Amino acid sequence: MHLPFARSERSSVGIEWELALVDKDSGDLRQVAQTVLDAVEPTDGSQHPHIRQELLLNTVEVVSGVCRTVGDAGRDLEAAIEEIRVLTDPLRVELMSAGTHPFARWAQQKVTDKERYATLIDRTQWWGRQMLIYGVHVHVGIEDRAKVLPISRAMLGYFAHLQSLSASSPFWGGKDTGYASNRALMFQQLPTAGLGFQFETWEQLEGYVGDMMHTGVIDQFDEVRWDLRPSPRFGTLETRICDGATNLTEVLALAALNHCLVEHLSTLLDQGKELPTIPAWFAQENKWRSARYGMDAIIILDRAGNEELVTEAVSKLLVELEPVAARLGCLAELDDVRLILRRGASYQRQRAVARRNGGELDAVVRALVAEMRAGRPL
């Protein structure tokens, strides 16, 4: 199996952000994605460059172009959202994002009429139908294929940092799950999803893909849905760790952290240094801890098993990455990670809203919609 890796500019960046369509009055999900997509479709029948289809008809995805800075990517997302609102406002539909909708029922959601989605649901059945989840994906360009897997392995050491900061799915089907990110553990139930394998060589990855295609597990590489995966088509490393962020400020803060980490690790490789890694069993434990405890997670830092509160680890990491952020032009966005540390992650804010409103989750949806409108945490 030959898996070519496209040429891309080093540390170029792109962002994908999944958005829920919710009823302005009830807060429940609305199945109007196709209406939106039909209205924004270019006259030549091509795909809109920044507004995309997703698995469920309650969801649209906004995507940036290939950008030099996180700020540029953010402007693409903001323009796409404004274009969508021209259509959704008259329908009394709001945009919302979080790892999960607080009270919507998965069995009531309709799947987009597309063969690839029908095939997914046919194969995965109950688990596939429950994928009522939303995320943020960040692509960072890597100029040399030989760097991709070492950087991917090293990024596992920062998995918990990203998942804890982005955790925004404490509720599922109207109940508090006790988890900061229920989405993280839901999504890994799909075949080929989850942490993936720590391959040492590109040839091993090609062997895996060949085996999966030969046995009918996948038909194309994009059906490998790991939390961290190479994206050969774009020449990037794609990070799919983060829950859906509830506002643009946090999307860009998380993207900046991701952007800086990849560039930092790439620079270490250029200097001939060995990248830090953790064993797969520690990576798996860190994923569970950050999904369960979020900002209160005690994470495993290194191969020796040293541990630290994730918020303290993030604070130190931000200082370390400031020179990288200056080079990448995202100092302001990286500094907004500290806003999450001060205000709490979205799962914490959602629970606080629920407590103030006697457990009523429609109030949580209103708060999420308000954050989306404001473009910042409230």
Side-chain angles (χ1 to χ4, degrees), residues 16-42 47-63 74 76-114 117 129-136 168-175 183 243-251 346 349-350 352-354 356-378:
E16 304 169 355
W17 186 13
E18 295 167 347
L19 306 177
L21 301 161
V22 301
D23 187 82
K24 186 177 181 68
D25 302 303
S26 70
D28 207 347
L29 290 167
R30 288 274 297 274
Q31 317 290 310
V32 296
Q34 198 58 56
T35 300
V36 172
L37 293 164
D38 289 345
V40 302
E41 183 180 0
Q47 188 177 50
H48 191 288
H50 301 299
I51 303 171
R52 300 286 169 81
Q53 187 177 58
E54 265 299 327
L55 171 66
L56 298 175
L57 288 176
N58 60 49
T59 308
V60 292
E61 182 181 56
V62 290
V63 303
D76 281 353
L77 299 179
E78 195 166 23
I81 288 168
E82 289 174 1
E83 188 174 351
I84 293 169
R85 287 198 188 280
V86 170
L87 303 165
T88 54
D89 283 355
L91 299 174
R92 297 190 65 77
V93 169
E94 289 282 0
L95 302 179
M96 186 208 86
S97 189
T100 55
H101 186 286
F103 63 79
R105 303 293 175 172
W106 64 265
Q108 298 172 354
Q109 309 311 314
K110 297 179 181 178
V111 177
T112 299
D113 184 14
K114 194 171 183 180
Y117 297 134
R129 288 288 289 119
Q130 290 210 70
M131 291 298 116
L132 187 54
I133 54 178
Y134 308 88
V136 172
S168 61
S169 49
F171 302 109
W172 176 256
K175 303 291 185 182
R183 168 193 168 271
D243 274 11
T246 54
N247 58 83
L248 184 60
T249 296
E250 287 182 299
V251 168
S346 175
R349 303 196 303 271
Q350 289 181 51
V353 170
R356 291 196 298 269
N357 289 273
E360 293 297 326
L361 297 187
D362 55 350
V364 176
V365 173
R366 288 196 298 272
L368 293 171
V369 166
E371 285 201 3
M372 185 74 189
R373 285 273 184 187
R376 57 184 175 80
L378 298 175

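The first residue of the sequence shown is numbered 1, and numbering continues consecutively from there. Not measured: the values here are computed from a predicted model.
Under a 4.0 Å N-O distance rule, the pair Arg92/Asp23 does not qualify as a salt bridge. Classification of Glu250 and Arg376 as a salt-bridged pair fails, no side-chain N sitting under 4.0 Å from a carboxylate O.
Taking CH2 from Trp106 and CE from Met131, the interatomic distance works out to 10.5 Å, rounded to the nearest 0.5 Å. Residue Gln108 holds its CD atom at 6.5 Å from CG of Asp28, rounded to the nearest 0.5 Å. To the nearest 0.5 angstrom, Ile81 atom CD1 is 11.0 Å from Asp76 atom CG.
Contact annotation: the side chain of Leu95 never approaches that of Val369 to less than 4.5 Å [non-hydrogen atoms, C-beta and beyond]. Val40 has its side chain out of reach of Ile84: every pair of non-hydrogen atoms, C-beta onward, lies at least 4.5 Å apart. Looking at Val60 and Leu21, their side chains come closer than 4.5 Å, going by heavy atoms from C-beta outward. A heavy-atom distance below 4.5 Å is not found between the side chains of Leu29 and Leu57. Between Glu78 and Leu248 there is a side-chain heavy-atom pair separated by less than 4.5 Å. Arg30 has its side chain out of reach of Val22: every pair of non-hydrogen atoms, C-beta onward, lies at least 4.5 Å apart. Under the 4.5 Å side-chain criterion, counting only non-hydrogen atoms from C-beta, Arg349 is not in contact with Leu378. Using a 4.5 Å heavy-atom cutoff, the side chains of Leu132 and Trp172 are in contact.
Residues meeting the side chain to side chain donor-acceptor pair (under 3.5 Å) test with Thr59, sequence neighbours left out: none. Residues passing the side-chain contact (heavy atoms from CB on, under 4.5 Å) test with Leu37 are Gln34, Ile51, Gln53, sequence neighbours excluded. Applying the salt bridge (charged side-chain N to carboxylate O under 4.0 Å, His left out) rule to Arg52 yields no partners; only residues at least two apart in sequence or on another chain are considered.
The only option from Thr100, Asp243, Asn58 that meets the side-chain hydrogen bond (donor to acceptor under 3.5 Å, both in side chains) definition with Tyr134 turns out to be Asn58. When each of Arg366, Met372, Arg85 is paired with Glu94, the side chain to side chain contact (heavy atoms under 4.5 Å, CB included) condition holds for Arg85 and for no other.
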Subject >> From CA spacing to verdict: side-chain contact (heavy atoms from CB on, under 4.5 Å), Leu19, Met96 >> reply: CA-CA 6 Å; Leu19 306 177; Met96 186 208 86; over 6 Å; no

Original post:
Passes side-chain contact (heavy atoms from CB on, under 4.5 Å), Thr112 versus Leu55? Steps please.
Top reply: CA-CA 6 Å; Thr112 299; Leu55 171 66; 5.8 Å; no

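Looking at Glu83 and His50, their side chains never bring a donor and an acceptor atom within 3.5 Å of each other.
Judged purely by atom type and a 3.5 angstrom limit, Glu18 uses its side chain to pair as donor or acceptor with the backbone of Gly135. His101 places a side-chain N or O within 3.5 Å of a backbone atom of Gly27 that can act as its donor or acceptor partner. Using modelled atom types, no side-chain atom of Thr246 and backbone atom of Ala98 make a donor-acceptor pair closer than 3.5 Å. Checked by atom type and distance alone, the side chain of Gln109 pairs as donor or acceptor with a backbone atom of Arg105 at under 3.5 Å. Between the side chain of Asn247 and the main chain of Thr249, a donor-acceptor pair closer than 3.5 Å is present. Ser168 places no side-chain N or O within 3.5 Å of a backbone atom of Ser346 that could act as its donor or acceptor partner. Proximity of a side-chain donor or acceptor of Ser97 to a complementary backbone N or O of Ala245 within less than 3.5 Å is detected.
For Val251 against Trp17, the heavy-atom pair with the smallest separation is CG2-CE2, 3.4 Å. The two atoms that bring Phe103 and Ser26 nearest to each other are CZ-O, 3.6 Å, heavy atoms only. Minimum heavy-atom separation, Pro170 to Gln350: CD-OE1, 3.7 Å. Annotation for Pro102 and Leu361: closest pair O-CD1, 3.6 Å, computed over non-hydrogen atoms.
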